[in-house]
Amino acid sequence: MQGFIGRRVISGTRQLSNLRPWQRCSFSQVAQSEDAHNGVHIPKMPQFDYSPPPYTGPTAEEILAQRKEYLSPSMFYFYNKPLNIVDGKMQYLFDENGRRYLDGFGGIATVSCGHCHPDVVEAIVNQTKKLQHSTILYLNHAIGDFAQALASKLPANLKVVFFTNSGTEANELAMLIARLYTGCHDIISLRNAYHGNAAGTMGATAQANWKFNVIQSGVHHAMNPDPYRGVFGSDGEKYAKDVQDLIDFGTSGHVAAFISEAIQGVGGIVELAPGYLPAVYNSVKKAGGLFIADEVQSGFARTGSNFWGFEGHGVVPDIVTMAKSIGNGIPLGAVVTTPEVAEVLTRRNYFNTFGGNPVCTAAGLAVLKVIEKEGLQENAFVVGSYMKERLTALKNKYELIGDVRGKGLMLGVELVTDRQLKTPAKAETIHLMDKMKDLGVLIGKGGFYGNVFRITPPLCFTKEDADFLVDAMDYTMSKV
């Protein structure tokens with residue numbers, strides 16, 4: 001591990017009196033045990049009043065052997081020694097030995113209310129006992145109740161909902177609707193974007209890691225308005241000119257849509273440069289196109305400051321896609337658009353067998369109620385802002401951290417071996433994730449180079465949890 005860079009860059013002359021309380025100690029104030037070798041505090045996990053029942057199922061080794069024989073070899077996993085997760089409660093997960101882990105990844109930004117939130121579980125169980133599935137060809141109030149509640153969270157005339165089973169399905173449908181409505185085939189997406197892995201969405205996705213060599217037509221990828229790695233820094237309007245150039249020189253002058261995440265999730269928690277989306281919106285509208293907001297990861301209060309990521313950019317889309325946090329882990333997605341745009345699907349038959357089934361929509365409605373009742377949007381803002389401050393302080397301490405970014409509880413920490421060259425620290429990222437897991441903290445990774453920590457925990461995350469996560473990162477970095 002000699003290539004690891006963990007050099008401290010805080011000035012030794014900095015006065016402790018100028019620091020915030022949590023900056024005056026190397027690690028968390030809850031840390032009580034010490035490293036026997038150097039006296040450094042080892043972070044201690046916050047107390048939590050739950051113990052899972054004894055696990056009597058197969059071991060991690062047995063499950064891994066079974067997986068290798070019977071499941072697709074394309075399924076990869078984290079860590080040198082994969083975890084066998086058997087129980088979950090709110091922001092914590094438990095392995096086969098009953099060991100508790102702080103979940104800083106949230107099932108890839110999917111667990112919003114918390115693992116096995118009692119209100120969501122109750123809604124699922126009660127609906128399952130009454131009616132698990134029939135068909136939308138019959139009437140049932142569950143799908144309508146959730147659609148109405150969902151529409152109430154969106155601006156303008158965005159009130160017609162079509163339910164799907166995933167984010168990929170939602171984006172596929174949104175792209176289809178845009179092409180039908182405009183009569184154009186060309187769609188503009190962003191480099192570094194991820195919108196799914198089906199035929200159309202793979203075309204909109206713009207990372208080689210996620211694209212197979214199959215026909216992907218009609219999508220143009222614009223320069224990514226990445227404030228950290230982009231050529232124009234944080235100047236959103238300069239990046240937006242590339243979209244106008246694509247329209248002028250890569251299409252007939254008319255387009256079907258522009259699709260974008262408000263914060264790129266798989267791409268490494270990349271925030272779009274300020275001023276970018278309003279400028280692009282104008283160009284796309286002049287070309288007759290629709291604006292598709294992919295809220296699969298940034299939606300449902302995760303960014304804290306707003307319920308939807310696009311709201312932070314001052315724009316109103318024509319179509320909004322969503323999944324992940326919508327159901328707290330239940331397979332559920334949705335496309336929401338205006339009555340005028342939605343009308344195009346009546347030209348032919350369009351159907352989704354499981355989309356909008358009673359169990360999933362009952363879960364979705366329960367999620368909305370929990371977010372509201374427990375003030376999870378405000379919590380995401382308060383705790384997320386606090387954690388980002390703490391992570392930014394770590395950046396001032398370790399040259400290994402090149403950038404800290406994101407909003408609310410959708411945060412990214414990019415690791416580099418050279419700050420000037422921004423050389424991706426791929427091996428270091430994997431190593432540190434493993435070491436943080438050993439301390440009881442689970443986080444994700446992303447970005448084209450796999451060198452960005454993705455921190456997307458359940459929205460019930462507390463400041464004590466944030467302290468523990470950051471302290472664990474601090475501790476592991478101090479060891480390399």
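If you're wondering where the values come from, they're calculated on a predicted model, not measured in any experiment.
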Fill in: ring-ring contact (aromatic ring centres under 6.0 Å, His included) evaluation trace for H133 with F354
CA-CA 8 Å; H133 179 75; F354 299 107; 5.5 Å; yes
From CA spacing to verdict: side-chain contact (heavy atoms from CB on, under 4.5 Å), F48, M90: CA-CA 10 Å; F48 188 65; M90 301 310 286; 4.2 Å; yes
Checking S112 side chain against S325 main chain: does a donor-acceptor pair fall under 3.5 Å?
yes
Backbone N or O of F310 within a donor-acceptor pair of the E295 side chain at under 3.5 Å?
yes
Using modelled atom types and a 3.5 Å cut-off, is there a donor and acceptor pairing between side-chain atoms of T201 and backbone atoms of T168? no
Q: Could you tell me whether the side chain of I259 reaches within less than 4.5 Å of the side chain of N171, counting heavy atoms only?
A: yes
Check this for me, if you would: do K153 and E372 make a salt bridge, where the nitrogen-to-carboxylate-oxygen distance has to be below 4.0 angstrom?
yes
Between H221 (side chain only) and G203 (backbone N and O only), is there a donor and an acceptor less than 3.5 Å apart?
yes
Residues pairing under side-chain hydrogen bond (donor to acceptor under 3.5 Å, both in side chains) where one sits in residues 354-367, two or more places apart or in two chains, turn out to be none
Contacts satisfying salt bridge (Lys or Arg N to Asp or Glu O under 4.0 Å) that involve residues 49-59 (not counting sequence neighbours) are none
Side-chain heavy atoms of I177 within contact of L345, under 4.5 Å: yes
Item checked: Pair F163 + F146: ring centers closer than 6.0 Å -> yes
Exercise. Do I188 and V255 come close enough that some side-chain heavy atom pair is under 4.5 Å?
Worked result: yes
- For the pair E261 (side chain) and D294 (backbone), establish whether a donor and an acceptor sit closer than 3.5 Å, ignoring hydrogens and angles. no
*asked:* Using only atom types and a distance under 3.5 Å, with no angle test, would you say the side chain of R179 pairs donor to acceptor with the backbone of A256?
replied: no
Taking the side chain as everything from C-beta on, heavy atoms only, tell me whether I401 gets closer than 4.5 Å to L415. yes
Going by atom type alone, with no hydrogens or angles, which donor-acceptor pairs under 3.5 Å involve a side-chain atom of residues 81-89 and a protein atom two or more places apart or on another chain?
{"from": "N84", "atom 1": "ND2", "to": "P58", "atom 2": "O", "distance (Å)": "3.4"}
{"from": "D87", "atom 1": "OD1", "to": "Y50", "atom 2": "OH", "distance (Å)": "3.3"}
{"from": "D87", "atom 1": "OD2", "to": "Y50", "atom 2": "OH", "distance (Å)": "3.1"}

| request: I would like to know whether V413 and V452 meet side-chain contact (heavy atoms from CB on, under 4.5 Å); could you show each step before the answer? | output: CA-CA 5 Å; V413 179; V452 181; 5.8 Å; no
Has D95 got a side-chain atom pairing as donor or acceptor with N97's backbone, closer than 3.5 angstrom? yes
Can you give the donor-acceptor pairs under 3.5 Å from side chains of residues 277-292 to other protein atoms, not counting sequence neighbours?
{"from": "N282", "atom 1": "ND2", "to": "P278", "atom 2": "O", "distance (Å)": "3.4"}
{"from": "S283", "atom 1": "OG", "to": "Q244", "atom 2": "OE1", "distance (Å)": "2.9"}
{"from": "K285", "atom 1": "NZ", "to": "D318", "atom 2": "OD1", "distance (Å)": "2.9"}
{"from": "K285", "atom 1": "NZ", "to": "D318", "atom 2": "OD2", "distance (Å)": "2.6"}

Whether the side chain of K211 engages the backbone of T205 through a donor-acceptor N/O pair (distance < 3.5 Å, no angle test) should be reported.
yes
Are K445 and M433 side-chain neighbours, meaning at least one heavy-atom pair lies under 4.5 Å? yes
In short, ring-ring contact (aromatic ring centres under 6.0 Å, His included) pairs touching residues 167-204 with sequence neighbours left out are Y194-W210
Quick note, side-chain hydrogen bond (donor to acceptor under 3.5 Å, both in side chains) partners involving residues 135-148, not counting sequence neighbours, are H141-D145
* Show the numbers, then the answer: is there a side-chain contact (heavy atoms from CB on, under 4.5 Å) between I455 and L409? => CA-CA 7 Å; I455 303 171; L409 290 174; over 6 Å; no
Query raised in the report: Are the charged groups of D226 and R229 less than 4.0 angstrom apart, N to O?
Result: no
Is it the case that the side chain of D103 and the backbone of G106 share a donor-acceptor pair, with hydrogens and angles ignored and the cut-off at 3.5 Å? yes
- Item | F94/Y55 under ring-ring contact (aromatic ring centres under 6.0 Å, His included): CA gap, chis, key distance, verdict | CA-CA 10 Å; F94 300 83; Y55 174 70; over 10 Å; no
| said: Donor-acceptor pair, distance only, cut-off 3.5 Å: does the side chain of R405 make one with the backbone of E414? | reply: no
Rounded to the nearest 0.5 Å, the OH atom of Y101 sits from the OH atom of Y92 at a distance of 14.5 Å
Does a side-chain heavy-atom distance below 4.5 Å link Y276 with H313? no
Note to self: Any carboxylate oxygen within less than 4.0 angstrom of a Lys/Arg side-chain nitrogen, looking at D119 and K369?
What the structure shows: no
Worksheet entry | Validation row: I263, Q297 side chains within 4.5 angstrom (heavy atoms) | no
Does the side chain of I319 come within less than 4.5 Å of V336's, by heavy atoms? no
Verdict with reasoning, M387 to L469, per side-chain contact (heavy atoms from CB on, under 4.5 Å): CA-CA 9 Å; M387 183 157 51; L469 186 151; 4.2 Å; yes
